[in-house]
Amino acid sequence: MIIVLKEHPDQKQLDNLVSWLESMDLSIQFSKGEHTTIMGLIGDTTVVDTDLLNALDIVEGVRRIQEPYKKANRKFHPDDTVVHIAEDIDIGGGHFQIIAGPCSVESEEQVTAIAEAIKATGTKLYRGGAFKPRTSPYSFQGLRTTGIRMLEKAKEATGLPIVTEIMDISHLDLFENVDVIQVGARNMQNFELLKELGHQPKPVLLKRGLSSTLKEWLMSAEYVMAGGNDKIILCERGIRTFETATRNTLDLSAVPMLKKKTHLPVIVDPSHATGIAALVEPMALAATACGADGLMIEVHNNPEKALCDGAQSLRPEQFARLVEEVNALRPFAYGQQAGV
């Protein structure tokens with residue numbers, strides 16, 4: 001349930017309202033916009049008399065919310081959330097970022113060379129996989145702790161904040177110098193991991209599960225937010241369908257739909273979605289056009305010899321061209337003029 005307050009409500013009446021609601025074991029989340037303040041009620045709201053609330057002088061209106069996700073719900077939080085990552089680096093609320101780098105960390109030389117090439121394009125966030133979840137137990141699983149250290153050295157050399165995936169909460173101490181913790185598609189419903197990430201302060205990039213609905217995805221975000229961490233970035237990376245021509249089916253309709261359902265920023269990963277380097281550019285432009293808050297792109301300086309997912313990786317020169325095209329398209333993207 002949400003309660004929309006009138007402008008400049010009387011503080012004494014507001015305090016009395018809060019005390020009354022809390023006496024019914026309800027939690028209250030305040031969201032203050034430029035002209036409107038919303039009270040989100042979390043708990044068993046069936047005990048609340050909506051007619052009584054509507055009769056109060058300070059109340060503009062009352063609405064019951066059916067969706068089970070409350071903290072992630074735009075109805076509770078009408079304004080876009082802006083996730084702050086580092087100085088001059090924000091995502092959401094009109095702030096667009098590209099996250100780029102190799103699927104997996106392979107060597108210190110490789111990681112630093114790609115980071116420098118990415119930085120030269122103006123890209124501000126560097127991704128690289130140290131822990132790699134793979135379908136086959138015999139596939140390359142990543143360099144793990146050594147990979148994290150290589151990413152840290154690339155960060156020292158270029159100043160680029162780093163984004164990398166966590167597989168288990170027992171690894172969290174290794175992520176001390178990581179700027180954004182990624183939760184991969186396979187772990188989207190690892191609820192114990194999500195709970196623990198809710199108790200730490202770093203931004204969390206939450207990828208959509210391979211067969212997950214938008215509701216299930218938002219409920220996973222709710223797990224993190226329920227722990228106190230509201231710095232969530234949602235990442236659409238394709239879902240499993242009957243189509244076999246691409247690795248997954250990129251669901252770009254999820255972007256504008258999520259914009260209606262949630263205040264959290266939404267980015268798109270066309271590399272994992274398609275699995276084909278030639279499709280990354282058109283899908284990245286389509287994602288930009290439909291209003292995404294950013295992109296995650298795989299870049300490798302020698303894709304043919306990559307230890308993981310070379311077929312979907314762009315070369316640095318291809319990535320540089322893509323960045324130019326995305327920057328040229330952004331002013332015309334959905335929502336830029338209409339304020340959607």
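Model, not experiment: these values are computed from the prediction.
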Taking side-chain contact (heavy atoms from CB on, under 4.5 Å) as the definition, give me every residue that meets it alongside [X], ordered by chain and number, with sequence neighbours left out.
X    : result
K195 : E192, Y223
K32  : T37
D168 : S170, H171
E67  : I65, Y69, N73, K75

Got [X] and [Y] here, is their nearest side-chain heavy-atom distance under 4.5 Å?
X    : Y    : answer
L264 : L206 : no
T249 : F242 : no
L218 : K261 : yes
V268 : L252 : yes
T164 : F175 : yes
I42  : K71  : yes
Q318 : E281 : no
I239 : N248 : no

Transitive ILVMFWY side-chain link [X] to [Y], under 4.5 Å:
X    : Y    : value
V180 : F96  : no
I118 : V111 : yes
Y126 : I166 : yes
M296 : I85  : yes
I181 : L174 : yes

Residues forming a salt bridge (charged side-chain N to carboxylate O under 4.0 Å, His left out) with [X], sequence neighbours excluded:
X    : answer
K231 : none
D251 : R208
R149 : E152

How long is the gap from [atom1] on [X] to [atom2] on [Y], to the nearest 0.5 Å?
X    : Y    : atom1 : atom2 : answer
T262 : D80  : OG1   : CG    : 9.0 Å
K202 : D179 : NZ    : CG    : 6.0 Å
L322 : E317 : CG    : CD    : 12.5 Å
F319 : T123 : CZ    : OG1   : 3.5 Å
I2   : H77  : CD1   : NE2   : 13.0 Å
D90  : H95  : CG    : NE2   : 5.0 Å

Around atom [atom1] of [X], are there more than 12 heavy atoms from other residues, nucleotides or ligands closer than 6.0 Å?
X    : atom1 : answer
E87  : CD    : no
D25  : CG    : no
E7   : CD    : yes
R240 : CZ    : no
E304 : CD    : yes

Could you work out the complete set of other residues in the hydrophobic cluster of [X], with links drawn between I, L, V, M, F, W and Y side chains under 4.5 Å apart?
X    : value
L210 : none
M24  : M1, I3, L5, L14, L17, V18, W20, L21, L26, I28, F30, M39, L41, V47, V48, L52, L53, L56, I58, V59, V62
L279 : I276

For a quick test of reading the model, state the closest non-hydrogen atom pair linking [X] to [Y] and the distance between them.
X    : Y    : result
G92  : P265 : CA-CB, 3.8 Å
P316 : N301 : CD-CA, 3.9 Å
I114 : G101 : CG2-CA, 4.4 Å
L214 : A254 : CD2-CB, 3.8 Å
L197 : Q200 : O-NE2, 2.9 Å
N177 : K155 : O-NZ, 3.0 Å

Donor-acceptor pair, distance only, cut-off 3.5 Å: does the side chain of [X] make one with the backbone of [Y]?
X    : Y    : value
R247 : G238 : no
D10  : Q13  : yes
N54  : T50  : yes

- Decide side-chain contact (heavy atoms from CB on, under 4.5 Å) for H272 and E298; before the verdict, give the C-alpha distance in whole Å, the side-chain angles of both, and the deciding distance to 0.1 Å. CA-CA 8 Å; H272 275 94; E298 288 196 1; 2.6 Å; yes
- Regarding Q182 and R127, is there a side-chain donor-to-acceptor distance under 3.5 Å anywhere? no
- Task: Check step by step if side-chain contact (heavy atoms from CB on, under 4.5 Å) holds for Q29 and K70.
- Result: CA-CA 9 Å; Q29 176 183 329; K70 307 298 182 184; 5.6 Å; no
Would you mind writing out the side-chain donor-acceptor pairs for residues 283-295 within the sub-3.5 Å range, not counting sequence neighbours?
from : atom 1 : to   : atom 2 : distance (Å)
T288 : OG1    : A284 : O      : 2.9
D293 : OD1    : K259 : NZ     : 3.0
D293 : OD2    : K259 : NZ     : 2.4
D293 : OD2    : V266 : N      : 2.8

- With sequence neighbours excluded, tell me which residues meet ring-ring contact (aromatic ring centres under 6.0 Å, His included) with H300. none
- For side-chain contact (heavy atoms from CB on, under 4.5 Å), just list the numbers for N187 and M167, CA-CA rounded to whole Å, side-chain angles, deciding distance to a tenth of an Å, and then say yes or no. CA-CA 8 Å; N187 272 317; M167 293 288 294; 4.1 Å; yes
- Message: Testing L205, L234, I98 one by one against I267 for a side chain to side chain contact (heavy atoms under 4.5 Å, CB included), which residue passes?
- Response: L205
- Message: Before you tell me yes or no, could you show the steps for M188 and W217 under side-chain contact (heavy atoms from CB on, under 4.5 Å), namely the whole-Å CA-CA distance, both residues' side-chain angles and the distance that decides it to 0.1 Å?
- Response: CA-CA 7 Å; M188 189 207 82; W217 189 9; 3.8 Å; yes
- Message: One thing to verify: whether K124 and D88 come together as a salt bridge, which I'm taking to mean a side-chain N less than 4.0 angstrom from a carboxylate O.
- Response: no
- Between K215 and E222, is a salt bridge (charged side-chain N to carboxylate O under 4.0 Å, His left out) present by the stated rule, with each step listed? CA-CA 10 Å; K215 178 181 176 181; E222 193 81 4; over 6 Å; no
